2 protein chains.
Amino acid sequence: MPIRPPAAVDEPRLKPKSLPPEAPDAARLWLPLNALRAFEAVARRLSFTGAAASLHISQSALSRHVSRLEELLGCKLLERRSQGLVLTKAGAALLPVVTKSFDGLEATMQALRHRAGTSQRMLRVHMPPTFLYVMGMSLLREFRLAFPDISIDLFSSNGVGLPRATVCDIAIVFDRPRYDDAVRDPLWLISQTPACAPEIAERCEGMDLQAFLRANELLHTRLEGEPFGVLWAAFARRFDLEISPERGLALDSERLTVELAITGNGVILVDVDMFAKEIADGRLVTPYDATSDSGFGYYLTVHPDDMSDPAIALFRSWVIQRFTHVNRDGAAPPVDGLSAG
Amino acid sequence: MPIRPPAAVDEPRLKPKSLPPEAPDAARLWLPLNALRAFEAVARRLSFTGAAASLHISQSALSRHVSRLEELLGCKLLERRSQGLVLTKAGAALLPVVTKSFDGLEATMQALRHRAGTSQRMLRVHMPPTFLYVMGMSLLREFRLAFPDISIDLFSSNGVGLPRATVCDIAIVFDRPRYDDAVRDPLWLISQTPACAPEIAERCEGMDLQAFLRANELLHTRLEGEPFGVLWAAFARRFDLEISPERGLALDSERLTVELAITGNGVILVDVDMFAKEIADGRLVTPYDATSDSGFGYYLTVHPDDMSDPAIALFRSWVIQRFTHVNRDGAAPPVDGLSAG
DNA sequence: ATAGGGCAATGCAAAAACGGTATTTGAAAG
DNA sequence: CTTTCAAATACCGTTTTTGCATTGCCCTAT
């Protein structure tokens, strides 16, 4: 039954239905709000690709939005010329209105959040150093730009640091999936693959995976509350490897572990996206095309009782949305020129 | 497992990535536009149910939209009290801004359509009388309210009246699905079930479907270009009935056919939603719980060459959208106590 | 000229948002 | 205490949106 009739002429006279036709909303329903937002972003930058990056959606999606808008309006809004985009007269007329309207809405929303006590708050956020280093900073920077009235007090240590247990409201923790009653949302589940210094890979050229792992020291990062070597064990299980995952050297901090790997002290399990920089500049190589998803990853947690705090709820939902949208682009180029060595 | 070449050192840091963080859009992306639209409709009427009817979506959907908005804002926008809804301070602050913004957008869109030649047009629309009678009028009324600057010149006859073949730009035709190159969109696919006058149903009480159909005259509506009795034939096929679908009496106009059925002259195949009125007040009864979807239904067609006409394209897309996400809100005919087995 | 790169459009499959139905809840009226 | 009405919720289907990969276009550099 794919197609359904519209509200047929309602029952003739046997239903007072005090409401008159009330059609002011007919046009409202038709208003392509999301397409207008897309158009605005594109028109402001005069670039689909650029707008896509800034909105954290794909260029493809934007292209479609704008096309639809143009189709609905019956006229082009942007002229696609080889030198770039140019606003047509119609586009030029539309852009300022859209910008003004959305700015107004944004400002009002902001003001209401303010009144609700959401703003001028200080959120205490905790996250592991690795996460902070790779993507946390750009994430927080973005959040602050979107909500300048919410300040962030940032903590970063290798301990777990759950909210209410430590001095923070929101924590991003590295953990495995759990099904308890806590408010935990997955942000980034890692895919682990063995990595080592290029010299080691060279020396071991030709070995199969199992031999390789047996020939080298396994490096671990200690995980609070987890048995020693869980990640290696999960990896071994996934590829039917006969190795001793509990063998090796464990450190507190993943950064230290990576340092050891880079300096040729053994093999480490990494997520290629998380250490893209080290891999890209050759300090770390991933000689085998074997990655497994253990379910471990970074989860965002808040204390259940804090869910009613508007600022905390806002931060949480914003981060979650941010991650669902952007698993890749935000991760690749967030930090430039660093990468501790 | 083969060794992978040391992770092809693709673009290391040589990607200026000219774009600065550019976060003005971070908040834009977050703006819950659809939820705001929902809130506006509810707040204006101070009623979820009423707004749902006017927006042609369910109360449930609206409830969720508003909830989400409240959650994002961190404060209630409407106070649900027993006497009805009341705007909170926050809601009262938000409503005018939203209304103003959306009105502005609407007006601008309208103006652009105008400039594009979409407006101040006269559209010639053709539809079958039955369709017009049952739902066409309310449809057109609504369209006119949403787009007052587009006039409608309405034709209604039993002929097919395809655009460009007759004096119309847009036609709604009763037909079967076809896969030709014409621009044809299904609006309402009918589900056919036998119906007759109550006296006949009474007289035939206890008969099975096949006996019932054999005992009564079959009524048809003549369909241009279709073999005599297609609909009855499709129905018989669906339920493995041994009847002679080509038997019976055919008329030009479905309304006439229905009249004959009502006055006890035979059995007709109807869509229960389309003749909800006749069924509700007992003039027509559907004694068997047997409905089949033949694929026949009402299709909207425009001439391919007309697709570039903004006004025609607008009408078309508006009608299609109107049909896809409309429930049976106003229609829900209180069909009680009928439909005996 | 020709190869290469940047950018928007598009086919297709996957994912997410959205909507509907049915049900529950909660308050008020009979 | 039952009945009624409106909003919230559970559950689930499906439409819409999105991303990826690819195409096509035009410009630029070789």
Side-chain angles (χ1 to χ4, degrees), chain A residues 1-7 18-19 29 32-35 37-39 41-43 45-53 55-71 76-86 317 320-330, chain B residues 10-11 14-19 29 32-35 37-39 41-43 45-53 55-71 76-86 185-186 317 320-329 331-332:
Chain A
M1 215 157 294
I3 310 283
R4 244 161 303 151
S18 54
L19 290 178
L29 183 59
L33 291 170
N34 294 330
R37 162 166 53 198
F39 163 73
V42 173
R45 294 181 176 60
L46 292 175
S47 152
F48 281 80
T49 310
L55 233 44
H56 305 301
I57 63 178
S58 67
Q59 171 262 324
S60 154
L62 276 183
S63 170
R64 286 163 212 277
H65 271 305
V66 175
S67 298
R68 191 166 80 87
L69 191 55
E70 289 177 326
E71 185 179 329
K76 292 288 177 198
L77 295 167
L78 295 159
E79 220 177 302
R80 285 81 161 164
R81 27 180 70 176
S82 28
Q83 309 90 321
L85 298 177
V86 184
S317 64
I320 292 171
Q321 181 191 338
R322 182 68 182 75
F323 264 84
T324 64
H325 255 304
V326 195
N327 259 331
R328 289 287 126 84
D329 69 3
Chain B
D10 1 43
E11 6 79 71
L14 295 183
K15 213 174 178 185
K17 266 294 180 194
S18 56
L19 289 179
L29 181 60
L33 292 170
N34 294 332
R37 162 164 53 198
F39 163 72
V42 173
R45 293 180 177 61
L46 291 175
S47 151
F48 280 80
T49 311
L55 234 44
H56 305 301
I57 63 178
S58 66
Q59 170 261 326
S60 150
L62 276 184
S63 169
R64 274 181 307 222
H65 270 305
V66 176
S67 297
R68 191 167 81 86
L69 190 55
E70 289 177 326
E71 185 181 327
K76 292 289 175 198
L77 294 168
L78 295 159
E79 218 177 303
R80 285 81 161 164
R81 25 180 70 177
S82 29
Q83 308 91 319
L85 298 177
V86 184
D185 300 272
S317 63
I320 292 171
Q321 179 190 340
R322 181 70 181 75
F323 265 86
T324 59
H325 83 125
V326 158
N327 52 29
R328 49 195 71 207
D329 50 12

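Labels below follow one simple rule: chain letters A, B, ... track the order of the sequence lines, proteins then strands, and each chain is numbered from 1. Note that the structure is a prediction, hence the values are computed from the model and not measured.
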Name the closest nucleotide to the [X] side chain, picking from [options].
X	options	value
A/S47	D/dC20, C/dA8, C/dA27	C/dA8
B/I57	D/dC26, C/dA8, C/dG20	C/dG20
A/S63	D/dT9, C/dG19, C/dT10	C/dT10
B/S60	D/dC26, D/dA6, D/dT9	D/dT9
A/R64	D/dA7, C/dT10, D/dC26	C/dT10
B/T49	D/dT18, D/dA7, C/dA27	D/dA7
B/S58	C/dA27, C/dT21, D/dA7	C/dT21

Query raised in the report: Between atom CG of B/L69 and atom NZ of B/K76, what is the distance when rounded to the nearest 0.5 Å?
Result: 11.0 Å
**Report entry** NE2 on B/H56 to CZ on B/F323, rounded to 0.5 Å
**Finding:** 11.0 Å
Query raised in the report: Do the side chain of B/Q59 and the base of D/dA6 come within less than 3.5 angstrom through a donor-acceptor pair of N or O atoms?
Result: no
Whole Å only: how far is the [atom1] atom of [X] from the [atom2] atom of [N]?
X	N	atom1	atom2	value
B/L85	C/dA27	CG	C1'	13 Å
B/R81	D/dA8	CZ	C1'	19 Å
B/L33	D/dT17	CG	P	13 Å
A/L78	C/dA9	CG	C1'	14 Å
B/E79	D/dA7	CD	C1'	15 Å
A/L46	C/dG6	CG	C1'	16 Å
B/Q321	C/dC18	CD	C1'	13 Å
B/R322	C/dG19	CZ	P	14 Å

Report summary line: Comparing nearest nucleotides in DNA chain D, the 5'-proximal residue of the pair B/L62, A/A61 is B/L62
Query raised in the report: Is the backbone of B/V86 close enough, under 3.5 Å, to the side chain of B/E79 for a donor and an acceptor to pair up by distance?
Result: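 No, B/E79 side chain to B/V86 backbone: no donor-acceptor pair under 3.5 Å.
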**Report entry** Donor-acceptor contact below 3.5 Å, side chain B/Q59 vs main chain B/F48
**Finding:**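 Looks like no, no N/O pair under 3.5 Å.
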Requested in this report: Could you say whether A/R80 or B/H65 is positioned toward the 5' end of DNA chain C, judged by the nucleotide with the nearest heavy atom to each?
Outcome: A/R80
Query raised in the report: Would a 4.5 Å heavy-atom cut-off, applied to side chains only, mark A/L29 and B/Q321 as touching?
Result: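 Of all side-chain heavy-atom pairs linking B/Q321 with A/L29, at least one is under 4.5 Å.
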Query raised in the report: What does B/N34 touch in the nucleic acid at a heavy-atom separation under 4.0 angstrom: a base, only the sugar-phosphate, or nothing?
Result: sugar-phosphate
